[in-house]
Trainee: 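Have a look at the structure that comes next, please.
Only this structure's heavy atoms are used, side chains among them; waters, hydrogens and symmetry mates stay out. We count ligands from 1, going down the list as the structure has it; atoms in each ligand are counted the same way.
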Amino acid sequence: MTQTRVLITGASGLLGRAVYAEFKRNPAWEALGLAFSRANEELRRVDLGSEEEIGRVIQEFKPQVIIHSAAEKRPNVVESQPEAAKRLNVDATAHVCNYAAKVGAFVIYISTDYVFEGIKPPHKPDDPTNPLNAYGKWKLEGEKAAMLQHEGNLILRVPILYGDIESFGESAITYMFPMVKDSTKEFLVSDYEKRYPTHCADVAVVLRQMAEKKLQNDSFDGIFHWSGAEEMTKYDMCLVMADVFNLPKDHIKPDRTPTTGAVRPYNAHLDSSRLEDLGIGQRRTFKEGAYQVFKPFL
Ligand SMILES: NC(=O)c1ccc[n+]([C@@H]2O[C@H](COP(=O)([O-])OP(=O)(O)OC[C@H]3O[C@@H](n4cnc5c(N)ncnc54)[C@H](OP(=O)(O)O)[C@@H]3O)[C@@H](O)[C@H]2O)c1
């Protein structure tokens with residue numbers, strides 16, 4: 001069987017690991033995963049800060065598809081180091097898409113619900129954007145860079161992610177679990193912004209399905225959304241985590257004020273119907289996902 005070559009940037013990251021695993025387990029695909037500080041025998045070290053390194057790996061591997069997942073995703077870090085974040089989130093995206101076009105590959109660029117202001121949900125892919133913080137602004141610039149290099153590229157916007165972790169701090173959801181587990185200390189957690197927790201393994205399936213669709217039909221392109229279906233605050237998520245494992249929850253207290261630090265959208269719910277109408281998608285409930293993710297830590 002002739003395999004289709006897919007290059008995955010950020011394959012050592014929270015989402016990238018799930019995406020790499022999804023393509024790797026599927027015999028129709030030959031996957032090459034890239035990493036930086038966490039490169040190993042399986043994942044190739046490529047510094048996306050270097051245009052030369054980007055060009056070399058793309059020209060050598062000649063992918064037909066690139067899933068561009070690498071980014072600086074921590075809003076407070078982007079706020080404090082905007083130029084470094086721009087180099088990764090915008091400039092590297094332009095280079096990846098430029099070299100992709102040279103070898104005839106299309107790129108699926110991973111973006112975020114933070115491109116929206118979050119006051120008129122649910123957001124459709126063509127709704128006007130208005131990012132409130134530097135992370136959202138650079139990711140939106142990344143989208144534009146991806147489309148400028150090749151109009152046939154695709155953008156997938158996703159909301160807050162969780163999934164299999166190497167450490168609790170990897171995701172803005174999983175970092176809360178140690179505090180949920182420790183009932184000796186009060187844990188004050190946001191009960192303000194509305195979020196839609198989305199499992200990385202579900203996003204990975206969506207990305208593979210999108211890539212397969214694009215290979216069948218070259219006119220399939222543009223901006224798409226994929227989101228979990230449950231509206232929850234971080235406080236709601238903590239209560240589910242506690243319930244799933246029958247843990248005490250009296251120490252978990254709701255904070256009904258906006259999150260401090262980089263400004264967050266209040267409710268940037270992404271409408272996923274453009275993909276759903278094409279039969280693309282996979283979802284698990286937060287209860288199912290939380291059980292799978294945290295079981296190994298009990
Ligand atoms: N996590 C979320 O809640 C969320 C929500 C919406 C959208 N997104 C988007 O989803 C995508 C994936 O996010 P994630 O959560 O998987 O991020 P992550 O866990 O922080 O992973 C970031 C990845 O980028 C790589 N990277 C960083 N600097 C690099 C460099 N100079 N050269 C090459 N690679 C570099 C990292 O490699 P090393 O670790 O090996 O250094 C890592 O694989 C991002 O585009 C993000 O904006 C994430």
Trainee: So does Glu143 pair up with Lys139, basic N to acidic O under 4.0 Å?
Mentor: no
Trainee: Which residue and non-hydrogen atom of the protein lie closest to atom 16 (O) of ligand 1, and at what distance in Å?
Mentor: Leu15 N, 2.8 Å
Trainee: Output yes when the distance from some N or O of ligand 1 to some N or O of Gly10 is under 3.5 Å, and no in every other case.
Mentor: yes
Trainee: Taking the six-membered ring for Trp and the full ring for Phe, Tyr or His, determine whether the centres of His251 and Phe187 are under 6.0 Å apart.
Mentor: no
Trainee: Atom 35 (C) of ligand 1: which protein heavy atom is closest, and how many Å away?
Mentor: Phe36 CB, 3.7 Å
Trainee: With a 4.0 Å cut-off on heavy atoms, is Pro159 in contact with ligand 1?
Mentor: yes
Trainee: Would you indicate which of Ile165, Thr9, Leu48 comes nearest to atom 32 (N) of ligand 1 when only heavy atoms are counted?
Mentor: Leu48
Trainee: Who's the nearest protein heavy-atom neighbour of atom 41 (O) of ligand 1, and how far?
Mentor: Ser37 OG, 2.7 Å
Trainee: Heavy-atom distance to atom 28 (N) of ligand 1: which of Leu88, Asp113, Val203 wins?
Mentor: Leu88
Trainee: Minimum distance, heavy atoms only, to atom 13 (O) of ligand 1: which one of Ser69, Ala71, Pro75 is it?
Mentor: Ser69
Trainee: Do any side-chain atoms of residues 158-168 form donor-acceptor pairs under 3.5 angstrom with protein atoms, and if so which ones, sequence neighbours left out?
Mentor:
unit_1: Glu166; atom_1: OE1; unit_2: Arg38; atom_2: NH1; d: 2.9

Trainee: Please find the pair of heavy atoms, one from Phe286 and one from Glu230, that lie closest to each other, and give the distance.
Mentor: N-OE1, 2.7 Å
Trainee: Would His269 and Tyr196 count as a ring pair (Phe, Tyr, Trp, His ring centres under 6.0 Å) here? Give the steps.
Mentor: CA-CA 7 Å; His269 186 202; Tyr196 297 80; 3.9 Å; yes
Trainee: Tabulate below the donor-acceptor pairs under 3.5 Å that side-chain atoms of residues 291-298 make, not counting sequence neighbours, or state none.
Mentor:
unit_1: Gln292; atom_1: OE1; unit_2: Arg284; atom_2: NH1; d: 2.8

Trainee: With the threshold set at under 4.0 angstrom, would you say Ser111 reaches ligand 1 through any of its heavy atoms?
Mentor: yes
Trainee: Look at atom 31 (N) of ligand 1 and say which protein heavy atom is nearest, naming residue and atom and giving the distance to 0.1 Å.
Mentor: Asp47 OD1, 3.1 Å
Trainee: So which of Thr112, Val203, Ile67 actually passes side chain to side chain contact (heavy atoms under 4.5 Å, CB included) with Leu156?
Mentor: Val203
Trainee: I'd like the name of whichever of Leu14, Leu161, Thr93, Val77 reaches closest to atom 48 (C) of ligand 1 through any heavy atom.
Mentor: Leu161
Trainee: So for Tyr135, does at least one of its heavy atoms come nearer than 4.0 angstrom to any atom of ligand 1?
Mentor: yes
Trainee: Is it the case that the side chain of Asp255 and the backbone of Leu188 share a donor-acceptor pair, with hydrogens and angles ignored and the cut-off at 3.5 Å?
Mentor: no
Trainee: Among all the protein's non-hydrogen atoms, which is closest to atom 14 (P) of ligand 1, and how far away is it?
Mentor: Lys73 NZ, 3.8 Å
